[in-house]
Amino acid sequence: MNATVATLAEQSVQTVKLLISGELTESTTTEWRDVVNPATQQVLARVPFATTAEVDEAIRSAHAAFATWKNTPIGTRVRIMLKYQALVREHMPRIAKILTAEQGKTLPDAEGDVFRGLEVLEHACSVGTLQLGEFAENVAGSVDTYTLRQPIGVCAGITPFNFPAMIPLWMFPMAIVCGNTFVLKPSEQDPLSTMALVELALEAGVPKGVLNVVHGGKDVVDALCTHELVRAVSFVGSTAVGTHVYRLGSEHGKRVQSMMGAKNHAIVLPDANREQTLNALAGAGFGAAGQRCMATSVAVFVGASQQWLPELVEKARTLKVNAGHEPKTDIGPVISRAAKQRVLGLIGAGVKEGATLLLDGRNVEVPGYEDGNFIGPTIFSDVTTEMEIYKTEIFGPVLLVMTVPTLDEAIALVNRNPFGNGVGIFTQSGAAARKFQSEIDVGQVGINIPIPVPVPYFSFTGSRGSKLGDLGPYGKQVVQFYTQTKTVTARWFDDAAVSDGVNTTISLR
Ligand code: NAD
């Protein structure tokens, strides 16, 4: 975890605060980690690994706040969200700058990160209709049945480094607008933009204890998954950690959803619009330095479309690798030196295993940012399903190319891959697209769309190896996740009615 004991000199760097019971507080821990600009290695801040007592205090603060927050009228909760979305919109450029500095992605992409979270906030303002119950009149003589959608209590959220604005905003706004209270554990690699959003939530009027934040790694996550007062855990991150969180939380009786790793294929049919398709592949393969869970990581060319491959390589070659805040940058650095070493190791493994390296980004030079964690766009062809580069989520700017003779074989290839986050098909044939959407076993399908992430009126619906738990992280599904259904069966006696006497059998009507 690279946590160290802070020296006095190091403490002059700003420290990231915990949020407990409405107060931004300095952790008492001795374990800290640097938050580092991945383009320059400048230390931006130091983040604490909260102590067990601090995590417990945050959960207890959320538990105490739940008693009043759950009874706060829907209109009051929604008005806070309306104010919050206006504040986030107003502060988007400032937050995007912080995000680029700590995460590395380009400034326009960082604004997109905030904006996709803002869309969830806007949707949270509709909770009045999203959280409605159901009613059936007269299910038996004078008996009505109806449901209440009630909040469940303290919910916890654990988020990854790659979308430090959007993914926290997938979680706590929907949870709290439904009447729950929340403990958030942001990524320890880039917590600053998340904290800027949290501060705006306080400014919008989120009451004391309704939203709490603790920082840290495995110990903090495990404490959230096992604490007796936590009722639900929402996790987004890698498959290994997500599986651990799902098991641990479930064993301790929590409702858990884990959105995890991916290997997303894009199928290219020969009748596709060539220019649009190649632009989409380059953008979705290399954008955000390939560090998106919905990045295109395998392009599958069907039949004659493989002749377009040299053009794809040329397009990728023209992408500009630079620090994210520099104008016209296409690809920023990867998050850390360790991440860079991991991706370089995988590229090396691909070469050893016999894949053809059509474009090699390993030795990219970025003048002025020689210390940055840069990797240029990299393309492999002649990839087989047994290779490590195919089996592993690379999470860097590396695109694999495979070729198959038919659409049926492309569908079979994707369906054999264990992940199910996203997939795309590029074609001008409605019949081919319709066959594809029906037969492909992946939860989010794009038709001439490379990154098919649904808007929040729907839900994020990754499937198979990319997801554990039934319900998605936003949209209507998350309202189900953050509420429990209570069914009420009620009979009101008419004083004038004659009593039927004691009945000891199950009613037959
Ligand atoms: P990660 O799994 O390393 O970290 C995610 C969170 O888990 C962080 O808050 C981290 O502190 C915590 N954590 C790390 N190690 C832990 C451990 N051993 N025990 C308990 N908690 C631990 O993921 P990451 O590298 O931050 O993010 C990249 C991954 O997230 C990729 O696999 C990507 O595909 C995935 N992701 C998935 C989605 C999706 O919706 N499916 C979205 C974004 C990212």
Side-chain angles (χ1 to χ4, degrees), residues 1-3 16 31 33 35 38 47-50 55 102-105 113 116-117 120 156-171 183-191 194 213-226 233-249 256-264 288-297 334-336 338-340 342-343 392-396 418-422 442-444 451-454 459-469 471-475 477-478:
M1 274 291 164
N2 190 25
V16 185
E31 212 184 340
R33 175 191 164 122
V35 179
V47 62
F49 279 44
V55 178
E102 65 175 346
Q103 202 278 348
K105 64 178 70 175
D113 191 331
R116 293 308 294 260
V120 179
I158 299 149
T159 57
F161 80 83
N162 65 330
F163 282 97
M166 176 184 81
I167 292 178
L169 291 178
W170 279 3
M171 297 181 181
V183 183
L184 177 68
K185 207 298 286 172
S187 170
E188 69 282 18
Q189 300 196 74
D190 49 11
T194 311
V213 184
V214 288
H215 301 284
K218 180 174 167 45
D219 292 349
V220 172
V221 169
D222 288 0
L224 292 171
C225 292
T226 54
V233 179
S234 184
F235 171 88
V236 179
S238 64
T239 299
V241 179
T243 305
H244 163 74
V245 164
Y246 188 81
R247 287 194 183 135
L248 189 65
V256 189
Q257 55 173 195
S258 281
M259 280 59 67
M260 308 185 291
K263 198 79 177 175
N264 306 308
Q291 298 174 117
R292 293 181 182 134
C293 68
M294 290 290 279
T296 298
S297 37
V334 295
I335 185 72
S336 63
K340 178 172 175 175
R342 183 182 161 277
V343 174
T392 307
E393 181 185 38
I394 299 176
F395 228 55
F419 292 109
N421 222 29
V442 173
Q444 299 176 110
I451 303 187
V453 176
S459 293
F460 190 95
T461 53
S463 64
R464 294 198 283 136
S466 298
K467 164 100 169 283
L468 283 168
L471 300 168
Y474 58 75
Q477 290 192 5
V478 96

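Just so it is clear, the values below take in all heavy atoms, side chains as well, and ignore hydrogens, waters and symmetry mates. For ligands, and for the atoms within them, numbers begin at 1 and follow the listed sequence.
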Legend entry - Within-shell test, Phe163 vs ligand 1, heavy atom, strictly < 4.0 Å: no

Legend entry - Shortest reach to atom 21 (N) of ligand 1 by a heavy atom, considering only Ile158, Asp222, Val241, Val245: Val241

Legend entry - Expected output: side-chain Thr159 to main-chain Ile167 donor-acceptor under 3.5 Å: no

Legend entry - Atoms of ligand 1, numbered as shown, that sit under 4.0 Å from any heavy atom of Gly216: 11 (O)

Legend entry - Nearest-0.5 Å distance that lies between atom SG in Cys293 and atom CE in Met259: 9.5 Å

Legend entry - CG-NE2 distance between Leu184 and His215, expressed to the nearest 0.5 angstrom: 8.0 Å

Inset, instruction - Could you tell me whether some N/O pair between Thr159 and ligand 1 is separated by less than 3.5 angstrom? - result: yes

Inset, instruction - Only heavy atoms count here, so choose which of Phe419, Phe161, Phe49 is nearest to atom 26 (O) of ligand 1. - result: Phe161

Inset, instruction - For Ile167, take its heavy atoms, then give the atoms of ligand 1 lying under 4.0 Å from any of them. - result: 42 (C), 43 (C)

Inset, instruction - Find the distance between CE (Met260) and CD (Glu393) and round it off to the nearest 0.5 Å. - result: 10.5 Å

Inset, instruction - May I have the step-by-step check of side chain to side chain contact (heavy atoms under 4.5 Å, CB included) for Gln291 and Gln103, ending in yes or no? - result: CA-CA 10 Å; Gln291 298 174 117; Gln103 202 278 348; 4.1 Å; yes

Legend entry - Atom indices of ligand 1, in the order listed, that fall short of 4.0 Å to a heavy atom of Val236: 5 (C), 37 (C), 38 (C), 39 (C), 40 (O), 42 (C), 43 (C), 44 (C)

Inset, instruction - Run the numbers on Gln444 and Asn264 for side chain to side chain contact (heavy atoms under 4.5 Å, CB included), then give the verdict. - result: CA-CA 10 Å; Gln444 299 176 110; Asn264 306 308; over 6 Å; no

Inset, instruction - Report yes or no: does a heavy atom of Trp170 sit under 4.0 Å from some atom of ligand 1? - result: yes

Legend entry - Residue-ligand contact Ala240/ligand 1, heavy atom below 4.0 Å: no

Legend entry - Gln291 and ligand 1 - part of the residue with a heavy-atom distance under 4.0 Å: neither

Inset, instruction - Please state which part of Glu188 comes within less than 4.0 Å of ligand 1, counting heavy atoms only: side chain, backbone, both or neither. - result: side chain

Inset, instruction - Could you grab the distance from atom OG1 of Thr194 to atom CD of Glu102, nearest 0.5 Å is fine? - result: 6.5 Å

Legend entry - Element-labelled atoms of ligand 1 that are located less than 4.0 Å from some non-hydrogen atom of Lys185: 8 (C), 9 (O), 10 (C), 11 (O)

Inset, instruction - Look only at the side chain of Ser466 and the backbone of Gly420, and say whether a donor-acceptor pair between them is shorter than 3.5 Å. - result: yes

Inset, instruction - Record the part of Asn162 in heavy-atom contact with ligand 1 below 4.0 Å; permitted values are side chain, backbone, both and neither. - result: side chain

Inset, instruction - Mark up the atoms of ligand 1 that fall under 4.0 Å of a heavy atom belonging to Gly261, in ascending order. - result: 32 (O), 34 (O)

Legend entry - Distance in Å, Ile158 CD1 paired with Ser258 OG, rounded so as to fall on 0.5 Å steps: 8.0 Å

Legend entry - Nearest-option assignment for atom 41 (N) of ligand 1, heavy atoms, candidates Lys263, Glu393, Met260: Met260

Inset, instruction - Counting heavy atoms only, name the option from Ser238, Gly242, Gly237 that's nearest to atom 2 (O) of ligand 1. - result: Ser238

Inset, instruction - Can you measure from CE (Met294) to CZ (Phe460) and round to the nearest 0.5 angstrom? - result: 5.0 Å

Legend entry - Element-labelled atoms of ligand 1 that are located less than 4.0 Å from some non-hydrogen atom of Val221: 20 (C), 21 (N)

Legend entry - Six-ring centre of Phe49, Lys218 cation under 6.0 angstrom, axis tolerance 45°: no

